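What follows is a set of notes on a single structure, which appears directly below.
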2 protein chains.
Amino acid sequence: MEPPAPRRRVTIVDVARHAQVSTTAVSKVLRNAYGASPEMQAKVRRAIDELGYRPHAGARGLRGKTYTIGVMLPDIRNPFFPDVLDGITHTLQDTEYQVLLGPGDCGEKGEARVTEALIDRGMDGLILVAPLASRKRLDEVASAVPTVIVGRHGSSPAYDTVADDDVEGAALVVGHLAALGHRRIAHIEHLETDPTRLAEMPNARRADGYRQAMRAHGLEECIDVVSTSYTQEGGYRGAKELLERQGTHRPTAVFAGADVVAMGALEAITEAGLSVPDDISVAGYDNTTFAAFGPVSLTSVDQAGHEIGRNAARLLLERIADRHRPSVQVRLSPTLVPRRTTARAPE
Amino acid sequence: MEPPAPRRRVTIVDVARHAQVSTTAVSKVLRNAYGASPEMQAKVRRAIDELGYRPHAGARGLRGKTYTIGVMLPDIRNPFFPDVLDGITHTLQDTEYQVLLGPGDCGEKGEARVTEALIDRGMDGLILVAPLASRKRLDEVASAVPTVIVGRHGSSPAYDTVADDDVEGAALVVGHLAALGHRRIAHIEHLETDPTRLAEMPNARRADGYRQAMRAHGLEECIDVVSTSYTQEGGYRGAKELLERQGTHRPTAVFAGADVVAMGALEAITEAGLSVPDDISVAGYDNTTFAAFGPVSLTSVDQAGHEIGRNAARLLLERIADRHRPSVQVRLSPTLVPRRTTARAPE
DNA sequence: CACCCAGTGGGAAACGTTACCCATGGGCGC
DNA sequence: GCGCCCATGGGTAACGTTTCCCACTGGGTG
C-alpha cells in the first residue's frame with residue numbers, strides 16, 4: 001500500500017490570512033512582542049488554534065532564535081548523565097525552549113562532529129557535558145553560540161561552567177574509609193595523558209583529591225594508584241592488578257573513580273573468591289542507580305546531577321538573554337552515600 | 001571578564017565570492033548536483049576549506065533537506081535504548097546525516113511534545129522508539145515526515161516498522177525454565193489498559209507469548225501473571241506479591257518482562273531471605289549491561305538492539321529517498337542468554 | 001550553413017520567519 | 001486649537017540556501 005500524500009504545512013501566512021491581519025502581527029503575537037493589542041492577540045491566537053499552526057524553527061532561526069538548546073552527551077550509557085539531563089529538561093520545560101541531545105559517540109573526534117552539527121542546526125545555546133575538547137576549541141565553540149560547560153574545572157570568559165568539587169568528593173571517600181580503620185586504600189583512576197586537560201578533567205581531580213586526602217590522614221605511605229580507564233573493563237583490570245599485590249601490600253579498600261569502575265572491580269573481586277566488604281571494601285563515584293540497587297548497595301559519592309543540570313540550564317538562559325554578562329563558575333559540593341560495600345577494615 | 005564578540009558566520013555567499021563563482025555553483029558542489037565541471041568542483045572545494053565553511057542546516061531546510069534524523073527515545077535510562085541508538089548512528093555515520101535525540105520525558109504528553117518539536121525543527125526523518133502514541137497520531141506524524149517505528153507491532157501504509165518478536169522471546173524463556181523442570185513459572189507484566197495499544201505494545205505481546213508458551217508446555221494450570229509496571233519498583237512489588245503465595249502456589253521461577261523488573265524482583269527476593277537460583281529462578285528481558293554484570297549474571301532475552309537500530313536507519317534512508325515506496329515491516333528474532341539466575345527447579 | 005543539443009554557469013525567485021521602520025489616528029499638554 | 005507622542009498595525013527587506021530556468025558556448029548533424 002502506498003503511503004498517503006503529505007499535506008502542506010500551515011505557515012504564518014495562512015494564519016495571517018485566516019485572521020485577516022498581517023504576518024507581522026502574527027509574528028508579534030507569537031513572540032509576545034510589543035505592539036499587539038489584546039483584541040489582536042485574541043484574534044490571532046484563535047486562528048492559530050483553528051489551523052493548528054506551529055512555527056517552523058528553522059525559518060525562525062534565520063532571523064531570530066530557534067528556541068532550541070543542544071546538549072552534547074559524551075556517552076549515553078553512563079547512568080550519571082540522565083540525572084544531569086533531567087535537571088536541564090526540568091528547568092527548561094516551562095520555558096519555550098526545547099532540548100535536543102547530540103550523542104557524542106565517545107572520543108574527541110565524534111564529540112567535535114556533534115558539537116559542530118548542533119551549531120550548524122542553529123541551537124540558541126549549548127550545554128557540553130564533560131567535553132574532551134581542548135580549551136581553545138571550547139573557546140571557539142563558545143564564541144559561536146552561548147555555551148555552558150558541565151563537569152570540567154577551569155574557567156574562561158567565553159563560557160560558564162558548572163562542576164562538582166571532585167577533590168572534596170575524593171576526600172569524603174578517603175575520610176569514610178579511614179574512619180573505618182582502613183589504611184591501605186587504593187585508587188583506580190582514569191589515565192589522562194593530555195597535559196592541558198590534566199588539571200581540568202574530573203578524573204584527574206579525583207585522583208588528586210585522593211592523594212591530598214591520604215596525606216591529610218597521615219597515609220602518604222599507603223598511596224596506591226592504578227591507572228586504567230573509567231569503564232567496567234578498566235575497573236576489572238585495575239582490581240585484578242591490585243589483588244595481585246602480596247600480603248601487606250594488598251589494599252583493604254578500593255576507591256574506584258566511577259561507579260562503572262566499581263562494577264568491574266566488584267566482578268574481579270568476586271572472581272578472586274574474596275568477599276565484599278568482609279575482605280575488601282569498595283567505593284564508587286556518581287551514585288548511579290546501579291549503586292543504589294539493593295543487592296549491590298555500593299557506597300558512592302553523589303554528585304547531585306539534577307542540581308548540576310538545573311544550574312547549567314539556568315546559566316545558559318541567562319547568557320542567551322545577555323551575551324555580555326561576565327562568565328560564572330558554579331561549584332557544587334558532593335555528598336557521601338555509605339552503603340554495604342564498605343565496612344571496618346579486617347583484623 | 002566580558003566574553004569576546006561573536007564572529008559572523010561564513011556563508012555560501014562568502015565562499016562564492018572567494019572562489020569567484022556564483023552561489024548557485026557552490027550549492028551544486030555542496031550537493032553533488034549535476035552541472036558542475038571538475039575544475040569548478042576543485043575551485044569551490046578549495047574555497048570551502050580555506051574559509052572553513054559549513055552549511056547552515058536551518059536555511060537548507062527551508063528549500064531542501066536539513067540532513068538531520070530525529071530519534072525519539074522515551075526513556076534515556078532504559079539501558080536497552082543505547083544499543084538501538086548505536087545501530088542507528090553506526091549506519092548513519094558515513095552518510096551526511098546527523099542524528100539528534102529527543103528526550104521523551106516519559107508519558108504520552110511529553111512524547112507528543114518532543115515529536116512535534118522534532119518535526120518543527122525540520123528533521124528529514126523520524127525514528128520513534130517504542131512510542132506510546134495512538135495509531136492515529138502515528139499516522140499523522142508519518143504523513144508529515146518519513147517515519148520508522150521501532151519496537152511496536154502492527155503496521156500502517158504510512159510508516160515502516162522494526163520490532164523484535166516478543167512472543168517468541170517469551171517462549172524462549174518459558175521453554176528454558178520448563179526444561180529446567182519448573183512448572184510454577186510466574187510472569188510480571190506491565191499493565192496495559194488502553195485497548196488500541198493492547199495488541200501492539202511489546203509488553204502485551206510478552207505476556208501473551210508467556211500464556212501461549214505455558215499452554216504449549218501443558219502448564220496452563222500454572223499460569224500466574226502479576227500486573228505492575230516495567231520499572232524496578234514494579235518488579236519489587238510484583239515479586240513481593242508472588243512471594244506471599246502459600247506453599248504450592250508460590251512460583252519456583254519468575255519471568256520478568258524486562259531487566260529492570262528483574263532487578264526489582266531480585267531485590268525483593270533477597271530481602272525475603274531467599275536465594276537465587278537455589279530457591280527461585282529469575283529471568284529478565286533485554287539483556288542489558290546490568291544483566292551481563294558478573295555478580296548479577298541475569299538470564300535474559302537478547303533483542304539485538306544494534307540490529308534493530310541498523311534496520312530502522314536503513315529503512316528510513318530508503319523512505320527518505322522514495323516516499324512512495326510501500327511500507328515495510330521488519331521482524332527480528334530474539335535469542336536467549338542463559339546465566340546464573342536460572343537453575344533446576346528445587347526438590 | 002543553419003540548427004540543435006549537451007555541457008556548463010548564473011540570475012532570480014522562492015522557503016517561513018523576524019527586524020526595522022514607517023503610516024495612521026487619537027488623546028493630551030500647552 | 002495646534003502640535004506631539006504613543007499605541008497600534010503593516011510593508012518590506014533581510015536571513016542562507018536551493019530550485020527553476022535561461023544564457024551562453026562549442027561541436028556535431030542534416
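Below, chain A is the first sequence line, B the second, and so on; all start at residue 1. On a predicted model such as this, the values are computed, not experimentally measured, just so you know.
Using a 4.0 Å cut-off between a side-chain N of Lys or Arg and a carboxylate O of Asp or Glu, A:Asp83 and B:Arg77 qualify as a salt bridge. Between A:Glu39 and A:Lys43, no side-chain nitrogen of the basic residue sits less than 4.0 Å from a carboxylate oxygen of the acidic one, so the salt-bridge criterion is not met. Taking the charged nitrogens against the carboxylate oxygens, B:Arg325 and B:Asp160 do have a contact shorter than 4.0 Å, which makes a salt bridge. Of the charged side-chain nitrogens involved, at least one lies within less than 4.0 Å of a carboxylate oxygen, so that A:Glu307 and A:Arg310 count as a salt-bridged pair. Salt bridge B:Arg137/B:Glu108: absent, no basic N to carboxylate O contact under 4.0 Å.
Residue B:Thr24 places no side-chain N or O under 4.0 Å from the OP1 or OP2 atom of C:dG10. For the OP1/OP2 pair of C:dT18 and a distance below 4.0 Å, the side-chain nitrogens and oxygens of A:Arg60 include at least one atom meeting the criterion. Side-chain N/O atoms of B:Ser37 include one lying less than 4.0 angstrom from OP1 or OP2 on C:dG9.
Side-chain proximity of A:Ala59 to the nucleotides D:dG10, D:dT17, C:dT17 is greatest for C:dT17. Taking only side-chain atoms of A:Arg63, from C-beta outward, the nucleotide of C:dG9, C:dA19, D:dG16 with the closest atom is C:dA19. The side chain of B:Met40 sits closest to C:dG10 out of D:dG10, C:dG10, C:dG16. The side chain of B:Tyr53 lies closest to D:dT17, out of D:dG10, D:dT17, C:dG10. Among the nucleotides D:dT8, D:dG11, C:dG16, the one closest to the side chain of A:Ser22 is D:dG11. When distances are taken from the side chain of B:Thr11 to each of D:dT17, C:dT18, C:dG10, the shortest belongs to D:dT17. Distance from the side chain of A:Ile12 is smallest for C:dT17 among the nucleotides C:dG10, C:dT17, D:dA7. Across D:dG9, C:dG10, D:dT18, the shortest atom-to-atom separation from the side chain of B:Ser27 is found for D:dT18. In this structure, of D:dT17, D:dG9, C:dG16, it is D:dT17 that holds the atom nearest to the side chain of B:Val13. In the set D:dG9, C:dG10, D:dT17, the nucleotide with an atom closest to the side chain of B:His56 is D:dT17.
Using a 4.0 Å heavy-atom cutoff across all strands shown, B:Arg31 reaches at least one base atom of the nucleic acid. Residue contacts shown for B:Ala33 are absent, as no nucleic acid heavy atom lies under 4.0 Å away. At a threshold of 4.0 angstrom between heavy atoms, the contacts of A:Val21 are confined to the sugar-phosphate backbone, with no base atom among them. A:Lys65 comes within 4.0 angstrom of nothing in the nucleic acid, heavy atoms only.
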| field | Full working for salt bridge (charged side-chain N to carboxylate O under 4.0 Å, His left out) between A:Arg17 and A:Asp14 | value | CA-CA 5 Å; A:Arg17 191 162 28 221; A:Asp14 300 319; 3.1 Å; yes
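The nearest whole Å value for the distance from the CG atom in A:Asp14 to the C1' atom in C:dT17 is 13 Å. One interatomic measurement links the two molecules: CZ of B:Arg9 to P of D:dA14, which rounds to 21 Å at whole-angstrom precision. Across the protein-nucleic acid pair, B:Gln41 atom CD and C:dG7 atom P stand 15 Å apart, rounded to whole Å. Across the protein-nucleic acid pair, B:Leu62 atom CG and C:dA14 atom P stand 14 Å apart, rounded to whole Å. Rounded to whole Å, the distance from NZ on A:Lys43 to P on D:dG9 is 7 Å. Here the P atom of nucleotide D:dT18 and the CG atom of B:Asp124 are 12 Å apart, to the nearest Å. Between the NZ atom of A:Lys28 and the P atom of C:dA19 there is a distance of 11 Å, given to the nearest Å. Whole-Å rounding puts the A:Leu30 CG to C:dT18 C1' distance at 10 Å.
Nearest-nucleotide assignment on DNA chain D puts the 5′-proximal partner with A:Thr23, out of A:Thr23 and B:Ala57.
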